[in-house]
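Single-structure report; data block below.
Only heavy atoms go into these numbers, but all of them, side chains included; no hydrogens, no water, no symmetry mates. So you know, we letter chains A, B, ... as the sequences are listed, proteins then strands, and number each from 1. The model shown is predicted, which means the values in this text are computed figures rather than measured ones.
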There are 2 protein chains.
Amino acid sequence: MQNKDDAAPGLRERKKRATRAALADAAVRLAAEHGAENVTVEAISSAAGVSTRTFFNYFDSHDDAFLMIDAEVGKRIRRTVREAPAGLPVLDVLRQAFSAELMDVEERHEIWSLRAKVFQRSPHLLVRGLGAHMAEELELAETVAERLGRAEGEPLGLYPRLVAAVAATAIRVSVEEWCARTPDVAFAVVFRDAFDHLASGLHDPPPGARSGPPTGTDS
Amino acid sequence: MQNKDDAAPGLRERKKRATRAALADAAVRLAAEHGAENVTVEAISSAAGVSTRTFFNYFDSHDDAFLMIDAEVGKRIRRTVREAPAGLPVLDVLRQAFSAELMDVEERHEIWSLRAKVFQRSPHLLVRGLGAHMAEELELAETVAERLGRAEGEPLGLYPRLVAAVAATAIRVSVEEWCARTPDVAFAVVFRDAFDHLASGLHDPPPGARSGPPTGTDS
DNA sequence: CAGATATTTTGCACGTCCTGCATTTTTGCG
DNA sequence: CGCAAAAATGCAGGACGTGCAAAATATCTG
């Protein structure tokens with residue numbers, strides 16, 4: 001058993017993933033139809049073919065079933081940040097690290113659209129989702145602080161916290177804006193514009209500019 | 001009854017406020033001691049001298065008792081933004097609007113410190129608190145969009161969403177950083193530095209700079 | 001393959017959260 | 001005081017979430 005994450009899922013592990021996926025899937029589908037609040041744990045469990053007790057073996061709360069939290073993503077992002085060539089501005093590093101990860105949003109566009117519908121109907125869940133990313137945000141801030149050459153035990157400092165949090169916020173807003181628009185725009189474009197705004201100090205856009213990058217105040 | 005918010009609270013209104021305050025106060029105090037999760041609604045209600053049923057007449061959920069949500073704050077901020085002289089950069093307007101509101105944090109420093117302790121012990125609540133501000137964030141984005149001269153029904157656009165969200169994030173991070181530090185620094189300083197970072201495009205700080213504003217890249 | 005072992009699923013009981021409804025108490029006012 | 005509006009309360013009930021022990025299932029060993 002070298003690495004349980006690679007190459008050897010094993011029958012057991014596969015069944016667990018399947019059960020979890022079945023629960024999450026049932027949850028999202030039922031919620032998209034009836035609204036998350038009106039979908040009981042029993043309904044989800046029943047649709048997934050397990051007992052309600054088993055549901056709580058996989059998710060800590062009713063709401064967690066709709067969230068699709070993946071700890072791997074955070075790890076990958078932090079590693080990317082850590083391995084980025086020194087000297088590169090932190091904001092650019094973050095932009096690229098996230099960008100690599102967010103291809104999934106455009107690829108599995110359909111399931112994300114479903115989740116967007118669920119979130120629109122009960123914003124309370126979006127909040128939970130955000131909250132799930134808060135721990136990640138702190139760890140990301142740690143990674144940034146290390147990258148900027150700060151000792152281990154030292155307090156974080158304002159800047160690392162701020163870039164990590166603001167970058168995460170930029171992503172959330174990008175997703176929101178992308179969902180609000182009829183998705184005729186590529187997500188990558190919204191994402192790029194958002195980070196361009198950040199990099200240029202959030203100066204006011206010229207009146208009339210609908211979606212372009214901020215005015216060329218850069219360099 | 002010209003305006004129920006001004007000058008004529010009335011005995012009734014005063015009792016309501018008192019009850020609500022008593023509940024919120026009891027909640028925070030008990031939570032600071034035993035942890036929010038271990039404080040039942042019954043305990044809070046009992047400490048405030050009302051029935052558990054009455055608790056739910058004042059707060060929609062157990063957690064809401066610890067949050068101290070004030071819809072007035074959002075309204076005031078939006079009005080400040082709306083009445084700010086035209087031509088001023090949006091980011092500066094937001095900075096000033098929030099700054100005016102945040103004096104309360106330093107004045108009633110003691111109760112905020114208590115709340116910070118509660119939040120440290122159960123971050124789950126901080127998330128709820130954040131969520132409460134999300135609706136505000138959207139309305140703030142609307143206000144910003146209007147200020148930038150955008151029609152009513154039009155979609156929001158990326159920039160208004162982004163500034164509103166990022167500004168709110170900056171505040172949250174400022175509070176976090178300010179709480180993490182032994183509060184020998186004035187909150188206003190952390191707050192100012194955060195917005196300076198935003199205004200200068202979040203460029204990397206020079207190594208060794210602990211807390212100052214970003215390097216004078218401005219102008 | 002059979003049996004031992006580890007893991008997962010499940011049922012059950014229990015406490016807490018939260019809501020709707022009817023009833024009682026309090027408040028404001030003529 | 002007496003009355004109408006508002007608030008507080010008690011109660012019933014559904015849903016959430018957890019600990020525990022028993023049953024079912026997967027993995028390992030000989």
Specify whether A/Phe66 and A/His62 have parallel, tilted or perpendicular ring planes, treating 30° as the upper limit for parallel and 60° as the lower limit for perpendicular.
-> perpendicular

Rounded to whole angstroms, how far apart are [atom1] on [X] and [atom2] on [N]?
X        : N      : atom1 : atom2 : value
A/Arg14  : D/dT25 : CZ    : P     : 18 Å
A/Glu13  : C/dA6  : CD    : P     : 18 Å
B/His124 : D/dC16 : NE2   : P     : 15 Å
A/Arg20  : C/dT9  : CZ    : P     : 12 Å

With a cut-off of 3.5 Å and sequence neighbours excluded, list every side-chain donor-acceptor pair involving residues 139-149 of chain B.
from, atom 1, to, atom 2, distance (Å)
B/Glu139, OE1, B/Arg78, NH2, 3.3
B/Thr143, OG1, B/Glu139, O, 3.1
B/Arg147, NH1, B/Val81, O, 3.4
B/Arg147, NH1, B/Ala84, O, 3.2
B/Arg147, NH2, B/Pro85, O, 3.0
B/Arg147, NH2, B/Leu88, O, 3.1

Residues at least two apart in sequence or cross-chain that pass side chain to side chain donor-acceptor pair (under 3.5 Å) with A/Arg76, listed by chain then number, are A/Glu101

So, is B/Lys16 close to the D/dA7 phosphate, meaning a side-chain N or O under 4.0 Å from OP1 or OP2?
-> yes

Determine: side-chain N/O of B/Lys15 to OP1/OP2 of C/dT27, distance under 4.0 Å, yes or no.
-> yes

Ring pair (Phe, Tyr, Trp, His ring centres under 6.0 Å): pairs with one or both residues in residues 13-56 of chain B, sequence neighbours excluded = B/Phe55-B/Phe59

Any residue meeting ring pair (Phe, Tyr, Trp, His ring centres under 6.0 Å) with A/Phe187, in chain and number order, not counting sequence neighbours | A/Trp178

Donor-acceptor pairs under 3.5 angstrom involving side-chain atoms of residues 39-50 of chain A: please list them, not counting sequence neighbours.
from, atom 1, to, atom 2, distance (Å)
A/Thr40, OG1, A/Glu42, N, 3.4
A/Thr40, OG1, A/Ala43, N, 3.0
A/Ser45, OG, A/Val41, O, 2.7

Strand contacts (DNA chain D) in residues 32-60 of chain A, 4.0 angstrom heavy-atom criterion | A/Thr40, A/Val41, A/Arg53, A/Phe56, A/Asp60

